[in-house]
Each structure stands twice: as C-alpha cells, then as structure tokens.
Amino acid sequence: MYELLNLQPREYQKNIVATCMSKSCLVVLPTGTGKTAIFLLLAISRLNKFPDSKILLCSPTKPLCNQHLNTILEHINIEKDKVALLTGAVNPSERKAIWESSKIVIATPQTVESDLERGSISLENYSLVCIDEAHRSRMKYANTIIASAYTSQAKNPLILGLTASPGGTKDKITEICQNLNIEAVEIRSEEDLDVKAYVQKKDIEYVKVDLPKELLDVKAVLRQVYLDRITELRKYGLTKPASIVSRKDLLSMQAILRKEIDSGNATAFWGISLVAQAMKVDHSIELLETQGINQLKKYLSSLSKEQTKAAKAILKDNNFLKAMDLIENLNDLEHPKLNELKKLIQQELSSDKESRIILFANYRDTVEELVDFVSKIKDASPIRLVGQKLGMTQKQQIEAISRFESGINNVLITTSIGEEGLSIKEANLAIFYDSVSSEIRSIQRSGRVARVKPGKIVFLITTNSRDEAYYWTAKRKEKIMKKTLYTMKQKNEIQSRLNNDKDNNRP
C-alpha cells in the first residue's frame, strides 16, 4: 500500500480529492495553497485501487518536472528507481525502457507527445494523468493531444488538471475542459473560509507616476499619426470611435482585409498596410508610456531597418519624423518610474537586508536597463532571468534562480519566464514595473510572494496609460474567471455541456 509521508492534508484538499476520485477534474487553486498535495493524494488513491497501474504527471519545463520528482520522493513511500523524469534531454531510444520500468513518470508534454507519435508508448495502463499548468491546454497543444490519446487508450482513465488561472472567459475555460475531457471543476480562492486560514497576507500598493511634459509632447505627436491611420481605415469598414479602437479590433480588421484580398479586392492591400502602420505606432506609444525613452529609441531604430511597406510609409510621415526628432533630443530623460523604483528597493533593503525582491518587466530591453539601474542602488545585487529565446540557456536560468534563492543576488529582474515555468521560491516583495492585461500572467506574478510568510506587491503605474488600462483589464478578467468557475462548480455544468456535445455529434 502506498501512503502519504511528511505531509498533513488540509480539509479543502481532502474535499477536492473526493471529487477528483470519481471524475476527471480541473482544480483551480491560488499559488501556494497546495495543488501538488492534491496530485499526491489522488496518485496514492489510484495506485492503491489499481495496483498494476501507473501514473503520469506532465509539467511544462524541466525545472518544474525536477521539483515534482523531489516532491514525490519526499511524500510517497515509493522506491526511487520507480519514479522517472523524462524530458527531451533523454534520448528517445532510452525512453521506452524507462516508461516500461517506472511506476510514476514525470515528463514534459512535448516529450510524451513525441513518444506517442513515435508509437513507442501506450497509456493503456495509466490510471491517472495529471496536467500541471493546465491553462496551457489550448487548441492542439501537446496537453490536448495527450488527453485525447489517454482517454482512448486507458482501461481506467482519470485526468487531473491543475492551474491557478485557466482564463478569464467562459469560452476559454470550457475549451480547456473539453480538451482535457474534464467532467467537474473544483475551485477555491483566497476568500474561501476553508482556504483563508492558510493564505498569507499580501499588502498591495499602487505607485502612480506622471509622464513629464517632454514625453507627453512626443506622445501627442505619435497619437496624431495613429489617429490619421484609424481615420483612413474607416474607408475599409472600421466603425468604432478612434478613442476606443483596441489592438484586438485592428487584428480583426486585418483578418477581414485578408479575406477581401483572397476574394480579389486589390484595394485591401493598402488597408492591410494601414492596420500594420497603426499597430506599429500604437506599440511606439506603449513603449513611451510604460517603458521609457531608451526602449522607444531601440524600437524606432529597428523600424528604420525594416523593408515592409508599413514601416516605409510611417517613416515618410511628417508627424512621425517630428516625433523622432523630439525623441533624439531627449538623451538623459529617465522614465519617472525609475525614481520610484529606486525608493522602493532602498526602503525594502534598508528594513530587511535579507529581503528578496522580484521585479517583473515585459521586455528584454527593459530588463537589461533595469539590471544596470538597480546595480547602482546601495545594497542591491540584481540578476536577470529571461527566456531561452531571449538568450539564456536552461542551465543559466537555474543558476540565476539558485543565486537569487541563496542570497548571492537579492533582486531578480525577469520577463514572463519568472511568472511560471520555473521553480522560484517566494520573494518578500514583487514589483510590477509594467502591467499585463492577461489575468493568467497577473495571477502568476502575484503568486511569487506570500506563499509561506506575508509579502508585498507594488504596481508601478503611469497615469492615463496602458499601465492603467492593462491593470484593470486583468482585474476584470480575473473577476469573471472566478465567477464563471464557481458557477460551473455549483451547476456541474462541465458534464452537461460535454454530454450535449456528444449528443450533437452522434449520427
């Protein structure tokens, strides 16, 4: 018999597992409230119920897989050689034997997908498949392919999806549930009475800054360039008032114009170019508002080297050229966020020299600038953490996290890679240098503090900018997400929707 070791399950975890024992379930819990414990309890139950079966846990990155491996060995009385970690680093010719000899397999979804396509494995004898970070189960991603293969192959299938944030709309949540063949939803939030006692306090602070006149002057000129494009797009069917046209609206317009081109309408080519121009100018404004003059200069430099029709058209626009001239004369002008950031870090480290600070930024260029800026602050020792596509190997990422956790560096400055996908112990303070419109990313960022002890989150926000708009968008989506999930849980809606889909697909 398998047993749980060195861990006392909480009441809400046991209640959630009770649901998961009989139905494939999507479990949504705040970061740090014990999603992994639910997997452990369910895995033990399935192995004891089906002694000859196996367990598969899919997690998106090697560092997270390795963390799960250590957790399983610590908390389940199982032989070490019966638990295997499989990633793309293991030769495919060696993986088949590992699959066959292991009782519990932890693997990246891409590795499992590859072995399924190769036909080197079968999931027939797996009594549980757990999909960690289940919000990634969209469209035909690896998680979706695994769930489909598992449901069709397994003698006793059961799927557990784990996430802190599946998405902010009913359609997104339903898509994930359908892709993973989910039958029930279990959700707890920090407000639930049975969870509240285990949640550490998070102090949230909003530090607002105003753009200086020089940057507002540049913004006004760029805004006019943008409005000129939006006005011209009305000839092609754009109907929304210019003040509320979003990037999503422009992408929709782009798709419509592409269909027009496919139908033989040659005039739509210029419409496509106008959309591209508007999006480039819009991005310029966002960089100016939320990042700073240096990031905007770098973007404009790359734009001047582009050979696209849109880039060439913008660079002939008199107002755009005027904006570029204004920008060139602003060599030493720092974004006002930087001064506030310096104060925040100084205050935190002066009150606690052992403090750990995570600083989130959306762009690599901003991360590089922030590393240089923070390195000049007394007692601050920054280190960057960016994705593999942005120039860091997985080994370098792990080394950066290790240095941060051990205190060699006390400020971790990171892009979205620091939000999820890597195992980072909590920080005392998380600073959002900029805001994100994604409720998933916002929740993941916030989850880096107050896991074991109280923590603090600070939002740096430029007034009347994308920072404000993105912040409130993420909040609105998070509120909708929670309301939708609680409704689904109460009405057992997932099962009824799946049954309706099956009925509609019957011949």
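Quick caveat: nothing in here was measured; it's all calculated off a predicted structure.
In this structure, the side chain of R448 engages the main chain of G418 through a donor-acceptor pair within 3.5 Å. For Q178 (side chain) and E175 (main-chain N/O), no donor-acceptor pair under 3.5 Å exists by modelled atom type. Under the 3.5 Å distance criterion, the side-chain polar atoms of Y150 are matched with a main-chain donor or acceptor of L128. With R95 contributing its side chain and D115 its backbone, the two residues share no donor-acceptor pair below 3.5 Å. Judged by distance alone, with hydrogens and angles left aside, the side-chain atoms of Y126 form no donor-acceptor pair with the main-chain N or O of Q153 at under 3.5 Å. Between the side chain of E133 and the backbone N or O of L162 there is no donor-acceptor pair closer than 3.5 Å.
Salt-bridge annotation for K196 and D194: absent, with no side-chain N of the basic residue lying under 4.0 Å from a carboxylate O of the acidic one. Using a 4.0 Å cut-off between a side-chain N of Lys or Arg and a carboxylate O of Asp or Glu, K14 and E11 qualify as a salt bridge. A salt bridge is absent between K337 and E289; no separation between the charged side-chain nitrogens and carboxylate oxygens falls under 4.0 Å. Looking at K342 and E340, no side-chain N of the basic residue comes within less than 4.0 Å of a carboxylate O on the acidic one, giving no salt bridge. Using a 4.0 Å cut-off between charged nitrogen and carboxylate oxygen, K482 and E478 count as a salt-bridge pair.
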Sequence neighbours excluded and cut-off under 3.5 Å, please list the side-chain donor-acceptor pairs for residues 38-57, or say none.
unit_1	atom_1	unit_2	atom_2	d
R46	NE	S127	O	2.9
R46	NH2	S127	O	3.1
R46	NH2	N156	O	3.0
N48	OD1	Y2	N	2.8
N48	ND2	Y2	O	3.0
N48	ND2	I44	O	3.3
S53	OG	F50	O	2.7
S53	OG	S127	OG	2.8
K54	NZ	W99	O	3.1
K54	NZ	E100	O	2.9
K54	NZ	S102	O	2.6

Counting only pairs under 3.5 Å, give me each side-chain donor-acceptor contact of residues 73-80, with atom names and distances, residues two or more places apart or in other chains.
unit_1	atom_1	unit_2	atom_2	d
H75	ND1	L5	O	2.7
N77	OD1	E3	N	2.6
N77	ND2	M1	O	3.3

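Distance check, rounded to the nearest 0.5 Å: CG of L64 to CG of L69 gives 12.5 Å.
In this structure, a donor-acceptor pair under 3.5 Å is present between the side chains of T462 and D467. S381 and N409 share a donor-acceptor pair across their side chains, judged by distance under 3.5 Å alone. A donor-acceptor contact under 3.5 angstrom links the side chains of E348 and S355, judged on distance only. In summary, the side chains of T111 and S114 do not present any donor paired with an acceptor at a separation below 3.5 Å, with no hydrogens or angles considered. Looking only at atom types and distance, the side chain of N15 has no donor-acceptor partner in the side chain of R188 under 3.5 Å away. Side chains of D171 and T174: a donor-acceptor N/O pair is absent below 3.5 angstrom, by distance only. At a cut-off of 3.5 Å, with distance as the only test, no side-chain donor of S165 or E439 sits close to an acceptor on the other residue. For Y433 and T290, the side-chain atoms include no donor-acceptor pair closer than 3.5 Å.
In K208, the NZ atom is not crowded: 12 or fewer heavy atoms of neighbouring residues, nucleotides or ligands sit closer than 6.0 Å. By the 6.0 Å contact criterion, CZ on R10 is enclosed, its count of non-hydrogen atoms from other residues, nucleotides or ligands being greater than 12. Taking a 6.0 Å sphere around CD1 of I204, one finds it holds more than 12 heavy atoms contributed by other residues, nucleotides or ligands.
Applying the salt bridge (charged side-chain N to carboxylate O under 4.0 Å, His left out) test to K298 and every residue at least two apart in sequence or in another chain returns nothing.
By the 4.5 Å heavy-atom criterion applied to side chains, L341 and L370 are counted as neighbours.
Among Y471, Y470, F459, the one residue that satisfies the ring pair (Phe, Tyr, Trp, His ring centres under 6.0 Å) test with F432 is F459.
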